[in-house]
Protein chains: 2
Amino acid sequence: MFNRRSFASYDTSSTDHLRFISDTVLGQMGSGPFGLQAELSKLTAQEIMDAKALAASKSHSEAERRRRERINNHLAKLRSLLPSTTKTDKASLLAEVIQHLKELKRQTSIIAESSAIPTESDELTVDNEEDEDGRFVIKASLCCEDRTDLLPDLIKTLKAMRLKTLKAEITTLGGRVKNVLFITGDDQELNRDDDEQQQPHEYFVSSIQEAFRAVMEKSNGDESSPGSVKRQRTNINII
Amino acid sequence: MFNRRSFASYDTSSTDHLRFISDTVLGQMGSGPFGLQAELSKLTAQEIMDAKALAASKSHSEAERRRRERINNHLAKLRSLLPSTTKTDKASLLAEVIQHLKELKRQTSIIAESSAIPTESDELTVDNEEDEDGRFVIKASLCCEDRTDLLPDLIKTLKAMRLKTLKAEITTLGGRVKNVLFITGDDQELNRDDDEQQQPHEYFVSSIQEAFRAVMEKSNGDESSPGSVKRQRTNINII
DNA sequence: GTCTACACGTGAATC
DNA sequence: TGATTCACGTGTAGA
């Protein structure tokens with residue numbers, strides 16, 4: 001452990017290290033011809049072991065240097081992607097990356113909700129809305145990878161929940177699909193005038209969200225179909 | 001440097017370190033009462049210096065540990081923000097962050113171009129388009145911080161370039177403004193039927209872009225006006 | 001047994 | 001000067 005430390009300094013060459021060892025050992029031991037011989041052979045063994053250890057240590061430190069280099073290159077790339085490069089500090093850089101990432105995520109989610117074009121990331125929002133006649137309508141917007149059974153599954157789900165689709169905007173682009181559905185229940189279920197209005201509607205919203213989530217996740221699990229017809233765009237409005 | 005190394009191991013206590021020094025020094029020096037006394041006082045000085053050095057080293061290593069902790073916390077937060085948490089590796093994590101950041105940036109820029117809502121980041125695009133009558137129209141979309149003189153400056157610029165605004169969509173939100181202008185030149189300048197059509201239009205596009213860029217940058221330099229009326233939204237269509 | 005990734009303490013530099 | 005940041009080589013634990 002002691003001599004391991006001795007070549008830990010940055011640019012001590014192998015020969016310097018060995019000379020240091022031979023000096024100390026020869027100084028402590030007797031200088032007779034036999035002892036010297038023994039010590040010399042011992043030294044050779046030491047040399048070999050040290051050479052091996054040094055080689056191992058060298059490759060180790062080099063590997064570690066490569067790793068550091070990779071990480072720092074990525075950090076530099078991140079720094080170049082940020083708008084404000086005020087702080088050069090590493091931790092602050094990462095903090096700004098986090099902030100920027102959250103901001104971008106916020107923007108995209110806000111814009112994506114009000115857009116009819118499907119995005120790369122899966123998305124599901126279900127909200128209460130009021131139509132022009134003041135009746136309650138639920139607007140459900142879901143975006144996911146397209147598959148042949150998606151629409152039938154959605155219809156089946158809606159039928160099972162006794163819901164009626166007033167209007168559907170279905171847009172597919174690049175193998176992905178975005179559905180914006182305007183849903184209402186049977187008249188005896190929704191549009192009641194008692195003072196417990198909010199709670200039942202929130203219940204409907206969450207149960208619809210849950211059901212649609214299941215349909216979307218079933219879609220994700222279906223990896224066997226290769227999504228044959230891609231990169232073609234269709235835009236369908238069902239009223 | 002030698003004894004600095006000696007307490008470099010992780011949990012060697014201060015007393016162990018000092019005992020090691022006293023052993024070696026006493027072994028090398030004479031053991032007379034005077035020499036011992038001198039060595040003892042020296043030792044005390046050494047002890048004090050070592051105690052100081054140890055304290056410094058301790059605070060240093062603790063500070064370094066805090067720094068590492070901060071960085072790793074940020075990395076963990078980044079990992080939680082990513083959609084795919086497949087690789088736990090640090091460098092790969094940063095690589096995925098870069099990828100994700102680029103993807104989000106791409107999405108927002110694409111969506112922002114086709115949206116009438118002003119975004120947080122400045123933006124300027126100028127493109128050729130054809131209107132319903134087949135005439136050439138230039139669509140210019142610029143988004144920047146709002147100021148009172150922005151619109152007059154734009155109008156002045158357009159007038160100076162002998163351009164006509166067919167239609168303008170101006171939307172302000174939260175102190176920022178987005179202008180989408182549909183521009184055409186005088187009829188003798190644009191809409192010619194010779195085979196050099198593309199080049200002059202590209203010239204117009206780039207010169208318009210340059211002029212608008214100047215207007216936007218002048219806007220950025222104007223920090224004196226406090227942008228009094230913020231957080232109110234207006235939507236104006238000029239046809 | 002080699003390889004890889006991490007945390008650690010330390011020397012040096014910058015402020 | 002002390003505080004803070006970085007690169008370095010090393011110990012060590014999983015594949």
Side-chain angles (χ1 to χ4, degrees), chain A residues 1-18 20-21 46 48-80 82 84-98, chain B residues 1-18 20-21 46 48-80 82 84-98:
Chain A
M1 177 215 178
F2 206 51
N3 42 3
R4 293 292 290 280
R5 282 292 187 191
S6 72
F7 56 79
S9 52
Y10 297 158
D11 43 5
T12 300
S13 71
S14 161
T15 46
D16 284 355
H17 163 48
L18 294 174
F20 162 74
I21 290 183
Q46 266 284 29
I48 293 172
M49 283 184 61
D50 273 6
K52 280 201 173 183
L54 188 139
S57 171
K58 195 169 190 176
S59 77
H60 185 25
S61 63
E62 279 176 0
E64 182 63 14
R65 171 157 44 240
R66 279 196 301 272
R67 172 177 170 270
R68 257 180 318 229
E69 203 173 308
R70 264 187 313 166
I71 294 180
N72 286 336
N73 285 342
H74 286 155
L75 287 177
K77 203 166 234 165
L78 276 177
R79 183 174 276 112
S80 73
L82 282 191
S84 67
T85 327
T86 58
K87 280 280 188 182
T88 59
D89 164 39
K90 213 185 261 188
S92 311
L93 166 67
L94 289 178
E96 285 186 19
V97 169
I98 293 174
Chain B
M1 179 216 178
F2 207 51
N3 41 4
R4 295 291 292 278
R5 283 292 188 194
S6 73
F7 57 79
S9 51
Y10 297 156
D11 44 7
T12 300
S13 72
S14 158
T15 46
D16 283 356
H17 163 49
L18 295 174
F20 162 74
I21 289 183
Q46 267 284 28
I48 293 173
M49 285 184 58
D50 274 7
K52 281 201 174 184
L54 187 140
S57 170
K58 196 168 189 175
S59 78
H60 183 26
S61 63
E62 279 176 0
E64 181 65 12
R65 171 155 48 239
R66 279 196 301 272
R67 171 177 169 272
R68 249 172 293 157
E69 201 173 306
R70 264 187 312 161
I71 293 179
N72 285 338
N73 284 342
H74 286 155
L75 288 176
K77 202 166 233 165
L78 276 177
R79 183 174 276 111
S80 73
L82 283 191
S84 67
T85 327
T86 56
K87 280 280 188 181
T88 59
D89 166 37
K90 214 184 262 189
S92 313
L93 166 67
L94 289 179
E96 285 185 19
V97 169
I98 292 174

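Atoms considered below: every heavy atom in the structure, side chains included; atoms not considered: hydrogens, waters and symmetry mates. Here is the naming used below: chain letters follow the sequence lines, and residue numbers restart at 1 for every chain. Here the structure is a predicted model, which means the values were calculated and not measured.
- Of the candidates D:dA7, C:dC6, C:dG9, the closest approach to any side-chain atom of A:His60 belongs to C:dC6.
- Atom-to-atom distance recorded for A:Leu94:CG and B:Lys77:NZ is 11.5 Å, nearest 0.5 angstrom.
- Nearer the 5' end of DNA chain C, as judged by each residue's closest nucleotide, is the contact made by A:Ser59, out of B:Arg65 and A:Ser59.
- Atom C1' of nucleotide C:dA5 and atom CD of A:Glu62 are separated by 17 Å, given to the nearest angstrom.
- The residue among B:Lys58 and A:Arg70 whose nearest nucleotide of DNA chain C is located toward the 5' end is A:Arg70.
- In this structure, the CG atom of A:Asp89 is 18 Å from the P atom of D:dA3, given to the nearest Å.
- A donor-acceptor pair under 3.5 Å is formed between the side chain of A:Ser61 and the backbone N or O of A:Ser57.
- Contact check on A:Arg66 versus A:Glu69 returns no salt bridge, with no Lys/Arg side-chain nitrogen under 4.0 Å from an Asp/Glu carboxylate oxygen.
- Under 4.0 angstrom from either OP1 or OP2 of C:dT4 there lies no side-chain N or O belonging to B:Lys90.
- If you check C:dA5, D:dA7, C:dA7 against the side chain of A:Arg67, the one that comes closest is C:dA5.
- Nucleotide D:dT4 holds its C1' atom 12 Å from the CD1 atom of B:Ile71, rounded to whole Å.
- Here the C1' atom of nucleotide D:dT10 and the CD atom of A:Glu64 are 9 Å apart, to the nearest Å.
- Between B:Ser57 and C:dT10 there is a side-chain polar atom (N or O) within less than 4.0 angstrom of OP1 or OP2.
- In this structure, A:Asn72 places its CG atom 12 Å from C1' of D:dC8, rounding to the nearest Å.
- The B:Arg68 side chain lies nearest to C:dC8 when the options are C:dT10, D:dT5, C:dC8.
- Counting non-hydrogen atoms under 4.0 angstrom, B:Arg66 reaches nothing in the nucleic acid.
- Within the model, atoms NZ of B:Lys90 and CZ of A:Arg70 stand 11.5 Å from one another, a figure rounded to the nearest 0.5 Å.
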